[in-house]
Chemist: 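Below is a structure I'd like to ask you about.
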Amino acid sequence: MKRIDHPEIERASYVLEERLLRRNLATIKEVSDESGAEIILAFKSYALWRTFPIFREYGFSSTASSLWEARLGYEEMKSQVHAFTPAYLPNEWAQWQQYASHISFNSLSQYERYKGNLSPNVSYGIRINPEYSPVETDLYNPALPGSRFGVTAEALDKGLPKGIEGLHFHVLCEGNSFQLERTLGIISKKFDTALRQAQWLNMGGGHLMTHKEYNIEHLVEVLKGFKQRYPHLKLILEPGSAFAWQTGFLISHVVDIVSHAGIQTAILDVSFTCHMPDCLEMPYKPIVRGAHQEPINGLPTYRLGGVSCLSGDYIGAWSFDEPLEIGDEIIFEDMLHYTTVKTNMFNGVAHPDIVLLHEEGGYEVLRHFTYEDYKRRMD
């Protein structure tokens, strides 16, 4: 029996639901309005520029971690960006200053390199390393010993360098308001002098305020409390996942079923390594619509395998109420953040379409990828 929830979509596709995106945007705008903090979109998590007109309706701008992201924000979000990258290249520096309203240096040596060429139209900051992060996955922890991110409190013991007006930190990953509260306590203790000299504090990303269990009221209290301690500071947050959290899904289809050593694997027309890389990097097991998240004895149980030639391109296992058949639709939930921005064309695997499900109904294909897209990348 075929499982077809979306008969209009025949190809593997990322489907963004406008209704859910607007729900998140309204929530984030409410937090911004109530707390007084500026909240901006981080492109490293979500950069579907065809949807930026929707973001502009709510007054959001963006943050960039590369020159191409900065240009995207400048041209498509139609506003200057907040910028941070581990190192600015000399041949790109003029463009950074054109596209950005705020630029944070990662190190004092980067500041020394460019301090003689600062624009009066840009506010400059320095990234700090509080040597604390609640992130448990090393791949995403920026505060481990030997970190390449930010300067320590000792490096700023004489105060902020000339021309530096702001501080920037980023130590959360899908974090909550209580982790932010603890982080701010540590930063206040270590960087109090610098905070009193600064004009703004960018708290980076990782604030998952659209998660159903996130305590938004506490977040607003934390931000207001910090502002009372440092009333001169402009507060900035730049989450990525929060904007696109649970706003869409990835549709795939079963193209074969193979068995080995008592394990059944359903081969799909998508790839974990190509289209859902965080599932293998984090790692985490995505939710499959209509499936049991953990195996159940007595029910048909399958690994789900990608269509690339990487041996480890699979995750498993899920149980289903009925046996899978070739042609069945498999829907991975919550696949709009850290997916479309991190996908690749390894193996020349066909790329899923990007589709917008409009609030009033009806599907619009925002992007259909072809062989020419793959060929041009290899040129």
Chemist: Check Y58, F43, F60, F52 against F243 for a ring pair (Phe, Tyr, Trp, His ring centres under 6.0 Å) and give me the one that passes.
Modeler: F60
Chemist: Using a cut-off of 6.0 Å, state whether more than 12 heavy atoms not belonging to R23 lie near its atom CZ.
Modeler: yes
Chemist: Under the side chain to side chain donor-acceptor pair (under 3.5 Å) criterion, do Y46 and S241 qualify, and how do the steps go?
Modeler: CA-CA 7 Å; Y46 178 95; S241 295; over 6 Å; no
Chemist: Is K285 atom NZ crowded by more than 12 heavy atoms from other residues, nucleotides or ligands, each under 6.0 Å away?
Modeler: yes
Chemist: Around atom CD of E112, are there more than 12 heavy atoms of other residues, nucleotides or ligands at under 6.0 Å?
Modeler: yes
Chemist: If you apply the rule side chain to side chain donor-acceptor pair (under 3.5 Å), what do you find for S123 with E165, and how did you get there?
Modeler: CA-CA 6 Å; S123 182; E165 300 177 335; 2.5 Å; yes
Chemist: Let me see the working for W318 and H292 under ring pair (Phe, Tyr, Trp, His ring centres under 6.0 Å), right down to the final yes or no.
Modeler: CA-CA 6 Å; W318 290 262; H292 301 278; over 10 Å; no
Chemist: Return the minimal non-hydrogen interatomic distance between H232 and A198, and the atom names on each side.
Modeler: CD2-O, 2.9 Å
Chemist: Kindly say whether the aromatic ring centers of W49 and Y74 come within a distance under 6.0 Å.
Modeler: no
Chemist: Any salt bridge linking K190 with D157? Criterion: basic side-chain nitrogen under 4.0 Å from a carboxylate oxygen.
Modeler: no
Chemist: State the CD1-CG distance between I187 and L180, to the nearest 0.5 angstrom.
Modeler: 8.5 Å
Chemist: Using 0.5 Å steps for rounding, measure from the NZ atom of K342 to the OG1 atom of T340.
Modeler: 11.5 Å
Chemist: Atom CD1 in I126, atom CG in L156: separation rounded to 0.5 Å?
Modeler: 7.0 Å
Chemist: Answer yes or no: is there a donor N or O on one side and an acceptor on the other, between the side chain of S271 and the main chain of V307, under 3.5 Å?
Modeler: no
Chemist: Taking the ring centre of each residue, are F178 and H218 less than 6.0 Å apart?
Modeler: yes
Chemist: Test side chain to side chain donor-acceptor pair (under 3.5 Å) on T152 and N129 and set out the steps.
Modeler: CA-CA 5 Å; T152 62; N129 182 351; over 6 Å; no
Chemist: Do H275 and H351 have ring centres separated by under 6.0 Å?
Modeler: yes
Chemist: Could you check if a side-chain atom of L160 sits within less than 4.5 angstrom of a side-chain atom of L167, using non-hydrogen atoms only?
Modeler: yes
Chemist: For T85 and S65, which I'm curious about, is there any donor-acceptor pair between the side chains at under 3.5 Å?
Modeler: no
Chemist: If you define the side chain from C-beta out and look only at heavy atoms, does anything of L304 sit under 4.5 Å from I330?
Modeler: yes
Chemist: Is a side-chain N or O of N141 found less than 3.5 angstrom from the main chain of V135, in a donor-acceptor match?
Modeler: yes
Chemist: For P130 versus V171, what's the shortest heavy-atom pair and its separation?
Modeler: CG-CG1, 3.8 Å
Chemist: Taking it one step at a time, do Y140 and D278 satisfy side chain to side chain donor-acceptor pair (under 3.5 Å)?
Modeler: CA-CA 11 Å; Y140 300 100; D278 269 2; 3.1 Å; yes
Chemist: With heavy-atom distances below 4.5 Å as the criterion, would you say the side chains of R127 and H170 are in contact?
Modeler: yes
Chemist: Is there a donor-acceptor pair under 3.5 Å between the side chain of T339 and the backbone N or O of M335?
Modeler: yes
Chemist: So which atom in G306 and which in I267 form the shortest heavy-atom distance, rounded to 0.1 Å?
Modeler: O-CG2, 4.0 Å
Chemist: Can you sort out the partners of S104 under side-chain contact (heavy atoms from CB on, under 4.5 Å), two or more places apart, ordered by chain and number?
Modeler: F84, H168, W200
Chemist: When rounded to the nearest 0.5 angstrom, what is the spacing between CD in E38 and NZ in K234?
Modeler: 4.5 Å
Chemist: Are Y114 and W93 an aromatic pair, judged by ring center distance below 6.0 Å?
Modeler: yes
Chemist: Look up atom CG in L219 and atom CG in L237, then write down how far apart they are to the nearest 0.5 Å.
Modeler: 6.5 Å
Chemist: Report yes if some heavy atom in the side chain of E17 is under 4.5 Å from a heavy atom in the side chain of T247; otherwise report no.
Modeler: no
Chemist: Check step by step if side-chain contact (heavy atoms from CB on, under 4.5 Å) holds for F226 and S188.
Modeler: CA-CA 9 Å; F226 195 80; S188 293; 3.2 Å; yes
Chemist: Kindly give the heavy-atom pair with the smallest separation between S308 and T273, and that separation in Å.
Modeler: OG-CG2, 3.5 Å
Chemist: Can you see whether F332 has R289 sitting over its ring - NZ or CZ less than 6.0 Å from the centre and within 45° of the normal?
Modeler: no
Chemist: Using a strict threshold of under 4.0 Å (side-chain N to carboxylate O), is an ion pair present between K44 and E69?
Modeler: no
Chemist: Answer yes or no: does atom CD1 of I287 have more than 12 heavy-atom neighbours from other residues, nucleotides or ligands under 6.0 Å?
Modeler: no
Chemist: Among residues two or more places apart or on two chains, list those pairs meeting salt bridge (Lys or Arg N to Asp or Glu O under 4.0 Å) that have a residue in residues 195-221.
Modeler: D192-R196
Chemist: Are side-chain N/O atoms of E238 and T63 paired as donor and acceptor at under 3.5 Å?
Modeler: yes
Chemist: Considering all heavy atoms of both residues, which atom of R376 and which atom of D373 are nearest to each other, and what is their separation?
Modeler: NH2-OD1, 3.2 Å
Chemist: Should T137 and M282 count as side-chain neighbours, where that means a heavy-atom distance under 4.5 Å?
Modeler: yes
Chemist: Looking at OG of S177 and CD1 of I216, how far apart are the two atoms once the value is rounded to the nearest 0.5 Å?
Modeler: 9.5 Å
Chemist: Should I354 and F369 count as side-chain neighbours, where that means a heavy-atom distance under 4.5 Å?
Modeler: yes
Chemist: Quick one: is the NZ or CZ of R303 closer than 6.0 Å to the six-membered ring centre of Y314, and within 45° of its axis?
Modeler: yes
Chemist: Are L201 and L195 close enough that some pair of their side-chain heavy atoms sits under 4.5 Å apart?
Modeler: yes
Chemist: Identify whether the distance between the nearest side-chain nitrogen and carboxylate oxygen of R50 and E76 falls below 4.0 Å.
Modeler: no
Chemist: Please tell me if the side chains of N202 and H102 come closer than 4.5 Å, counting only heavy atoms from C-beta onward.
Modeler: no
Chemist: Take atom CD of E372 as the centre, draw a 6.0 Å sphere, and report whether it contains more than 12 heavy atoms from other residues, nucleotides or ligands.
Modeler: yes
Chemist: List the atom of L336, the atom of V15, and the distance in Å for their closest heavy-atom pair.
Modeler: CD2-O, 3.5 Å
Chemist: Give a yes or no on whether a salt bridge exists between K29 and D33, defined as a side-chain N under 4.0 angstrom from a carboxylate O.
Modeler: yes
